[in-house]
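A quick write-up on the structure given underneath.
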Amino acid sequence: MSEQKRISHGRLQPNHEQAIMMQYMYLKEELEAKYIVDSLLTHRVLDQDDKDEVLSARTRKDRTEILLNKILHAGPGDAFTIFLEALESNKYEHIAQKLKEHIYSTQHIGNVKPSLL
């Protein structure tokens with residue numbers, strides 16, 4: 001059996017990392033990581049050891065926190081896009097939409113807070 005390694009290592013692109021960090025508590029409350037790990041494994045965002053670590057956590061919040069840490073360090077390639085696709089294909093469209101809205105707002109507004117407009 002050949003071992004499948006992750007596609008990259010290192011940090012996400014800054015705007016992708018910021019989107020996750022700005023929604024971190026929301027993600028911990030809303031997401032059940034065990035429903036998307038297979039998709040992330042298939043697309044090599046995670047390797048088998050990562051999946052096992054996520055699934056071995058005792059609580060939903062712990063599983064999600066481990067998963068988010070893995071994604072934050074999945075490298076600047078396609079990991080964030082694959083994460084969004086995994087969310088959308090597993091009935092977490094609302095979470096993917098929140099992350100996309102953050103990306104869109106930072107690309108078009110910069111770092112200006114909407115309340116200051």
Side-chain angles (χ1 to χ4, degrees):
M1 182 170 122
S2 66
E3 189 174 322
Q4 201 174 38
K5 292 291 183 189
R6 285 192 266 172
I7 54 176
S8 183
H9 293 284
R11 300 194 73 81
L12 292 177
Q13 293 178 28
N15 59 333
H16 296 163
E17 180 178 349
Q18 184 182 33
I20 290 174
M21 294 310 296
M22 293 298 291
Q23 299 299 328
Y24 196 80
M25 295 305 294
Y26 176 77
L27 289 164
K28 281 183 65 173
E29 291 296 323
E30 293 291 319
L31 180 61
E32 171 51 90
K34 69 182 180 182
Y35 297 131
I36 67 169
V37 290
D38 285 335
S39 181
L40 296 173
L41 176 68
T42 299
H43 291 93
R44 298 178 48 204
V45 172
L46 301 178
D47 62 24
Q48 186 62 48
D49 290 339
D50 294 331
K51 177 184 173 182
D52 293 345
E53 183 180 351
V54 169
L55 295 179
S56 70
R58 294 183 61 147
T59 68
R60 179 186 55 77
K61 287 183 180 181
D62 288 345
R63 286 188 293 275
T64 300
E65 188 163 15
I66 292 167
L67 176 66
L68 293 175
N69 187 50
K70 300 287 183 190
I71 291 169
L72 286 167
H73 294 91
D78 294 331
F80 185 77
T81 302
I82 294 167
F83 175 53
L84 292 176
E85 291 169 358
L87 292 170
E88 291 170 339
S89 65
N90 288 283
K91 302 197 185 305
Y92 287 114
E93 296 93 350
H94 61 289
I95 295 175
Q97 186 61 36
K98 251 189 181 316
L99 294 169
K100 288 178 185 180
E101 286 171 2
H102 179 83
I103 298 293
Y104 178 80
S105 69
T106 58
Q107 287 176 343
H108 289 83
I109 300 174
N111 290 325
V112 177
K113 295 183 181 184
S115 61
L116 299 176
L117 295 178

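Index from 1, following the sequence.
The shortest distance between side-chain heavy atoms of Phe83 and Leu68 falls below 4.5 Å. Looking at Leu87 and Leu31, their side chains come closer than 4.5 Å, going by heavy atoms from C-beta outward. The closest side-chain heavy-atom distance from Leu40 to Ile71 is below 4.5 Å. Contact check for Leu41 versus Gln48: side-chain heavy atoms found under the 4.5 Å cut-off. Two residues are said to be in side-chain contact when any heavy atoms from C-beta on lie closer than 4.5 Å; Arg60 and Lys28 fail this criterion. Inter-residue side-chain proximity for Leu67 and Ile36 is flagged as met; some heavy-atom pair is nearer than 4.5 Å. When side chains are defined from C-beta on, Asp78 does not count as touching Val45, because their heavy atoms never get closer than 4.5 Å. Counting heavy atoms from C-beta on, the side chains of Met22 and Leu99 never come closer than 4.5 Å.
Taking both residues in full, the closest heavy atoms of Arg63 and Val54 are given as CG-O, 3.0 Å, listed atom of the first, atom of the second, then distance. Nearest heavy-atom pair, Asp47 versus Asp50, reported as atom, atom and distance to 0.1 Å: OD1-N, 2.8 Å. Across every non-hydrogen atom of Thr64 and Ala33, the tightest pair is OG1-N, 3.7 Å. Of all heavy-atom pairs spanning Leu12 and Ala79, the tightest one is CD2-CB, 4.2 Å.
There is no side-chain donor-acceptor pair under 3.5 Å between Asn69 and Glu65.
Remark: Gln23 engages no residue in a side-chain hydrogen bond (donor to acceptor under 3.5 Å, both in side chains) (not counting sequence neighbours). With sequence neighbours excluded, the residues satisfying salt bridge (Lys or Arg N to Asp or Glu O under 4.0 Å) with Arg11 are Glu17. In this view, Thr59 and Lys61, Asp62 satisfy the side-chain contact (heavy atoms from CB on, under 4.5 Å) rule, not counting sequence neighbours. Taking the side-chain contact (heavy atoms from CB on, under 4.5 Å) definition, one finds that Gln13 meets it with Asn15, His16, Pro76, sequence neighbours left out. Residues satisfying the salt bridge (Lys or Arg N to Asp or Glu O under 4.0 Å) criterion with Glu85, sequence neighbours excluded, are absent altogether.
A salt bridge (Lys or Arg N to Asp or Glu O under 4.0 Å) check over residues 89-101, counting only residues at least two apart or in different chains, returns the pairs Glu88-Lys100.
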